[in-house]
Amino acid sequence: MDFYSKLAGRGSFNKIAALGSIALILAIAATGCGQQKQNVTTMTIDPEGKVTYVIYEDFSEDYYSADELSKMAEKEIAEYNSEYISPKISIEDAEVVEDDDNVRVKLTMTFDSYSDFSNFNQESLFYGTVKEARESGFTVSTGLVDENGDKIPDSYLEDHEDKHIIITDDRARIQAPYGIEYMSNGTTLNGKKEADISAITADTVQLLLSK
């Protein structure tokens, strides 16, 4: 299922609205942009839990008009931020790039916390200690594996409840604030802190970090 159909089917138009908003602004700028071969939607979480989300997606007016998407983006973000004294979500950067023969929209959004990301996008995301995850109702998997495929020791989670963990059902590439020690089956590491989770078939991804 493509990006647009997935969100429309779930009744969530936040990402698609934001993409449409910048597509309207930058439509003319698409001409002459250089090719970007490695553009992958990426979620970066800093040690305090702030999330930077860089989205790369094709834009097609076959789904919605750019004007409709622009209005949706403005409304969605404004409504969310209006519930707080200071804005929790912002658009940091927007541009149109060419990927092979396709014009793609790149959007960089920041979220004050993992809960802001989760609430706004209607997708599950948790970042905190193992103890905090359990207290929040998450079941931390005992089937996590290390980079060699070896299963996490039976008592490891009980002995290291202060270690941080990322739990999500989003499928963006993840850049973690600390090294990744154990992970869901199917995770591919790109260095110590970056995880490609696109091949995971389980509904939820878990990454246990080194700190």
Side-chain angles (χ1 to χ4, degrees), residues 1-7 10 12 14-16 18-19 22 33-59 89-100 102-128 133 138 140-141 144-149 163-211:
M1 181 179 294
D2 61 76
F3 179 88
Y4 295 94
S5 299
K6 175 184 175 184
L7 291 182
R10 292 168 55 183
S12 172
N14 295 308
K15 292 178 187 174
I16 187 174
L19 286 167
I22 64 169
C33 295
Q35 290 188 339
Q36 305 267 341
K37 300 276 186 190
Q38 300 297 324
N39 296 337
V40 178
T41 296
T42 302
M43 175 194 301
T44 301
I45 303 175
D46 76 8
E48 286 69 47
K50 184 176 180 178
V51 178
T52 300
Y53 201 65
V54 181
I55 308 169
Y56 289 94
E57 281 298 335
D58 296 330
F59 174 72
I89 304 170
S90 63
I91 296 176
E92 297 297 322
D93 184 45
E95 61 181 301
V96 173
V97 297
E98 286 186 6
D99 185 358
D100 295 326
N102 299 319
V103 176
R104 308 184 80 205
V105 179
K106 174 188 175 185
L107 173 65
T108 302
M109 300 181 70
T110 59
F111 301 81
D112 253 17
S113 69
Y114 72 85
S115 58
D116 291 310
F117 177 93
S118 183
N119 293 335
F120 183 75
N121 291 303
Q122 299 179 23
E123 293 180 342
S124 178
L125 175 63
F126 173 85
Y127 166 75
F138 291 95
V140 180
S141 174
L144 302 178
V145 297
D146 65 15
E147 61 183 336
N148 299 314
K163 295 236 177 188
H164 286 73
I165 189 168
I166 297 170
I167 303 174
T168 186
D169 60 11
D170 191 85
R171 283 300 184 271
R173 182 169 294 179
I174 296 178
Q175 293 182 343
Y178 309 113
I180 300 169
E181 284 193 334
Y182 293 94
M183 65 209 82
S184 296
N185 271 304
T187 302
T188 299
L189 293 185
N190 301 315
K192 294 182 178 180
K193 297 182 180 181
E194 184 173 282
D196 182 346
I197 59 176
S198 59
I200 295 178
T201 57
D203 291 337
T204 302
V205 177
Q206 299 191 8
L207 305 174
L208 184 65
L209 308 183
S210 59
K211 181 176 178 179

Do I174 and I197 have side-chain heavy atoms sitting under 4.5 Å apart?
-> yes

Which word best sums up how the rings of F117 and F111 line up, parallel for under 30°, tilted for 30 to 60°, or perpendicular for over 60°?
-> perpendicular

Can you check whether L207 reaches S184 side chain to side chain, under 4.5 Å on heavy atoms?
-> no

Side chain to side chain, P177 and L209, heavy atoms closer than 4.5 Å = yes

Around atom CD of E147, are there more than 12 heavy atoms of other residues, nucleotides or ligands at under 6.0 Å?
-> no

With the side chain counted from C-beta on, respond yes when D203 and D169 share a heavy-atom pair under 4.5 Å apart, and no when they do not.
-> no

Can you pull the ring-ring contact (aromatic ring centres under 6.0 Å, His included) pairs that have at least one residue in residues 173-211, sequence neighbours excluded?
-> Y156-Y182, H164-Y178

Verify, without hydrogens or angle tests, whether T108 (side chain) and V54 (backbone) share a donor-acceptor contact under 3.5 angstrom.
-> no

Count the heavy atoms belonging to other residues, nucleotides or ligands that lie under 6.0 Å from NZ of K163, then report whether that count exceeds 12.
-> yes

Check step by step if side chain to side chain contact (heavy atoms under 4.5 Å, CB included) holds for D116 and V51.
-> CA-CA 9 Å; D116 291 310; V51 178; over 6 Å; no

For S124, does its backbone N or O pair with a side-chain atom of T168 as donor and acceptor, under 3.5 Å?
-> yes

Is there a side chain to side chain contact (heavy atoms under 4.5 Å, CB included) between V205 and M183 once you walk through the steps?
-> CA-CA 8 Å; V205 177; M183 65 209 82; over 6 Å; no

Just by distance, do the side chain of T110 and the backbone of T52 share a donor-acceptor pair under 3.5 Å?
-> no

Would you tell me whether Y53 and N121 have side-chain atoms, one donor and one acceptor, within less than 3.5 Å of each other?
-> no

Between L125 and E123, is any pair of side-chain heavy atoms under 4.5 Å apart?
-> no

Within the side chain of N190, is there an N or O that forms a donor-acceptor pair under 3.5 Å with the backbone of E194?
-> no

